[in-house]
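Here is the structure we will look at.
We count residues from 1, following the sequence as given. Please read all numbers here as calculations on a predicted model, not as lab measurements.
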Amino acid sequence: MMNRKGYWPFLVPGLALCTLVVAVPLLMTIGTSFTEWSGVGSPRWTGLANYERLMHDDNFWKSFQNIVLMIVAMAVVPTLLGLFLAALLFDYVAPRLGDRTARALRSGLYLPQVLPLAVTGIVWGWILHPSYGALNTILDKAGVGALARNWLGDDRYALYTVMAVMLWVQIGYPVVMFMAGLQRVDPELYEAASLDGAGWWQRFTRIAVHQIRPEIAVVLITTTIAALKVFAQIFVLTRGGPGNATLVPSYFAYQNYFERANVGYASAMSTVLAVLIVLLTFVFIRVQAK
C-alpha cells in the first residue's frame, strides 16, 4: 500500500494539466449550453432551449448524416484496408524485398499522418481545383477529360471527395499499428497451421486477425473519435459547402460560435458531440474487454 501511494505525486502534474485543459473547458461549455450568449456581456439562462432547437435543426441532423460517412472513410475502410496492407508488407514484401523496403513503404503510407492538417488541405485543394488542378489536368491529358469534375464545388461529389482525402490521410496509422501487432504473433502458430494445410488467407483470418484484436480495437476507437472531431480539412477544403454537402458537427459548431456569435447554441452542439464520443469510447472498451 505504501508503494502505491508513492506514485501519486508523479500523477499530480498530469492530472492538474488535464483538469485545466480538458475538464474546466468542458464544464464551462456544458454550462454555457444552457444559456443564450453572444460572447459579450452576461449570458442569459434559457434552460434546455438550445437542445430543443438542435432537435429541430435540419442542418444539425445533416451534419450527423455526413459524419456517419466520414466514420466509414476514416475508421471502417482504413481499418480493413490497413489490415490487408500490413499483412502484405509483413508477409510478402519484407521476406522477398527486405525489411528496409517494407519500412520505407510503411513510412510512406504514414507520412500524411505527420503532415500539418492545414497543409494537406491546401495541397489537395490545389490538386482538385476545377480550373488548374492536377487531377483534372491529368484526366484531360489522358484523353478522358469528360471525367473532369468540380470535385469540391459540386454537391454531388464534394463529400465523397473529402472522404477520399481523409482515407489517404488515415491509412498509414492502421498499417503501422497492425504491422507492430503482427510482429508479436508466435511464428509457431503459422507453422502449425501450414502443416495442417492452411493457406495464407486462412492463416491471416484465423490466426493473425484474432491475435491482433487489441490493435484493431485501438485503431477503431481512435479513428472513430478522429472522424467525429474532423475539422481542419473541412475548413480548408470546403467550409462545409457547397451548401451543406460537407457540413460536419465540429464545423457547424465553429460557424455558430465564431461566425454567428451563437455561443450558447454552439456549446450545446459541442456538448452533444462530446457525450457521443464518450459513449462510443465506452462501448468500444466494453466490447474489447469481452
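Atom CE of residue M163 and atom CG of residue L159 lie 6.0 Å apart, to the nearest 0.5 angstrom. Taken to the nearest 0.5 Å, the CG atom of L276 stands 12.5 Å off from the OG1 atom of T271. Taken to the nearest 0.5 Å, the CG atom of L109 stands 7.0 Å off from the CD1 atom of I171. Atom CG of residue L139 and atom CG of residue L135 lie 5.0 Å apart, to the nearest 0.5 angstrom. To the nearest 0.5 angstrom, R206 atom CZ is 11.0 Å from W201 atom CH2. From W37, atom CH2 reaches atom CZ of R44 across 14.5 Å, with rounding to the nearest 0.5 Å.
L48 and L273 fall within a single hydrophobic cluster, where Ile, Leu, Val, Met, Phe, Trp and Tyr are joined by side-chain heavy atoms under 4.5 Å apart, directly or via other members. When hydrophobic clusters are built by joining Ile, Leu, Val, Met, Phe, Trp and Tyr residues whose side-chain heavy atoms come closer than 4.5 Å, directly or via intermediates, V165 is grouped together with Y160. A continuous path of ILVMFWY side-chain contacts below 4.5 Å connects V162 to I127, so both sit in one hydrophobic cluster. Follow the hydrophobic side-chain contacts under 4.5 Å out from F284 and you never reach V77; the two are in separate clusters. Under a hydrophobic-cluster definition in which Ile, Leu, Val, Met, Phe, Trp and Tyr are linked whenever side-chain heavy atoms come within less than 4.5 Å, directly or via other members, I277 and V275 are assigned to different clusters.
Judged purely by atom type and a 3.5 angstrom limit, T224 has no side-chain atom pairing as donor or acceptor with the backbone of I221. Formation of a donor-acceptor pair under 3.5 Å by the Q202 side chain with backbone atoms of G199 is found in this model. A donor-acceptor pair under 3.5 Å is formed between the side chain of W61 and the backbone N or O of M55.
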Legend entry - side-chain contact (heavy atoms from CB on, under 4.5 Å) assessment of I216 paired with V209: CA-CA 8 Å; I216 294 174; V209 171; 4.1 Å; yes

Inset, instruction - Go through the steps to decide whether M166 and T161 satisfy the test side-chain contact (heavy atoms from CB on, under 4.5 Å), and finish with yes or no. - result: CA-CA 9 Å; M166 296 311 301; T161 303; over 6 Å; no

Legend entry - Worked check of side-chain contact (heavy atoms from CB on, under 4.5 Å) between L167 and M74: CA-CA 6 Å; L167 172 60; M74 296 179 63; over 6 Å; no

Legend entry - From CA spacing to verdict: side-chain contact (heavy atoms from CB on, under 4.5 Å), L189, Q211: CA-CA 10 Å; L189 294 175; Q211 291 290 314; 4.1 Å; yes

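Across all their heavy atoms, N50 and S33 have their closest contact at ND2-O, 2.8 Å. When every heavy atom of P112 is checked against every heavy atom of G108, the shortest pair comes out as CD-O, 3.7 Å. Taking both residues in full, the closest heavy atoms of R106 and V176 are given as CG-CG2, 3.7 Å, listed atom of the first, atom of the second, then distance. The minimum heavy-atom distance between G181 and E215, with the atom names listed, is CA-OE2, 3.6 Å.
One side chain, R213 or H210, offers a donor N or O that lies under 3.5 Å from an acceptor on the other.
Between F64 and V68, the closest side-chain pair of non-hydrogen atoms is not below 4.5 Å. Side-chain contact between N262 and M269 is absent, with no heavy atoms from C-beta onward closer than 4.5 Å. At least one side-chain heavy atom of T223 sits less than 4.5 Å from a side-chain heavy atom of Y173. Using a 4.5 Å heavy-atom cutoff, the side chains of R260 and S38 are not in contact. With contacts defined as side-chain heavy-atom distances shorter than 4.5 Å, the pair E259/Y254 qualifies.
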Would you list the atom pairs, donor with acceptor, under 3.5 Å between side chains in residues 140-158 and any protein atom, with sequence neighbours excluded?
{"unit_1": "R149", "atom_1": "NE", "unit_2": "Y157", "atom_2": "OH", "d": "3.1"}
{"unit_1": "R149", "atom_1": "NH1", "unit_2": "A146", "atom_2": "O", "d": "2.7"}
{"unit_1": "R149", "atom_1": "NH1", "unit_2": "L147", "atom_2": "O", "d": "3.4"}
{"unit_1": "N150", "atom_1": "OD1", "unit_2": "G153", "atom_2": "N", "d": "3.1"}
{"unit_1": "W151", "atom_1": "NE1", "unit_2": "N136", "atom_2": "OD1", "d": "2.9"}
{"unit_1": "W151", "atom_1": "NE1", "unit_2": "R149", "atom_2": "O", "d": "3.4"}
{"unit_1": "D154", "atom_1": "OD1", "unit_2": "R156", "atom_2": "N", "d": "2.9"}
{"unit_1": "D154", "atom_1": "OD1", "unit_2": "R156", "atom_2": "NE", "d": "3.3"}
{"unit_1": "D154", "atom_1": "OD2", "unit_2": "R156", "atom_2": "NE", "d": "3.3"}
{"unit_1": "D154", "atom_1": "OD2", "unit_2": "R156", "atom_2": "NH2", "d": "2.9"}

Let me have the donor-acceptor pairs involving side chains of residues 226-247, under 3.5 Å, with sequence neighbours excluded, atom names and distances please.
{"unit_1": "T238", "atom_1": "OG1", "unit_2": "I234", "atom_2": "O", "d": "3.4"}
{"unit_1": "T238", "atom_1": "OG1", "unit_2": "G240", "atom_2": "N", "d": "3.3"}
{"unit_1": "T238", "atom_1": "OG1", "unit_2": "T246", "atom_2": "OG1", "d": "2.7"}
{"unit_1": "R239", "atom_1": "NE", "unit_2": "F235", "atom_2": "O", "d": "2.8"}
{"unit_1": "N244", "atom_1": "ND2", "unit_2": "N59", "atom_2": "OD1", "d": "2.6"}
{"unit_1": "T246", "atom_1": "OG1", "unit_2": "G240", "atom_2": "O", "d": "3.3"}
{"unit_1": "T246", "atom_1": "OG1", "unit_2": "G241", "atom_2": "N", "d": "3.3"}
{"unit_1": "T246", "atom_1": "OG1", "unit_2": "G241", "atom_2": "O", "d": "2.7"}

Side chains of residues 82-101: which donor-acceptor pairs under 3.5 Å do they make with residues two or more places apart or in other chains?
{"unit_1": "D91", "atom_1": "OD2", "unit_2": "W200", "atom_2": "NE1", "d": "2.8"}
{"unit_1": "T101", "atom_1": "OG1", "unit_2": "L97", "atom_2": "O", "d": "3.1"}

Please tabulate, for side-chain N and O atoms in residues 11-30, each donor-acceptor pair with protein atoms closer than 3.5 Å (sequence neighbours left out).
{"unit_1": "T19", "atom_1": "OG1", "unit_2": "L15", "atom_2": "O", "d": "2.8"}
{"unit_1": "T29", "atom_1": "OG1", "unit_2": "P25", "atom_2": "O", "d": "2.9"}

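For Y265 and Y257, the ring centers sit 6.0 Å or farther from each other.
Around CD of E36, the count of heavy atoms belonging to other residues, nucleotides or ligands within 6.0 Å does not exceed 12.
Applying the side-chain contact (heavy atoms from CB on, under 4.5 Å) criterion to Y190, with sequence neighbours excluded, gives L182, V185, R203, I207, A208.
The hydrophobic cluster of F282 has no other members, since no ILVMFWY side-chain heavy atom comes under 4.5 Å of it.
Ring orientation note: the planes of Y132 and H129 are close to parallel, at an angle under 30° on the 30°/60° scale.
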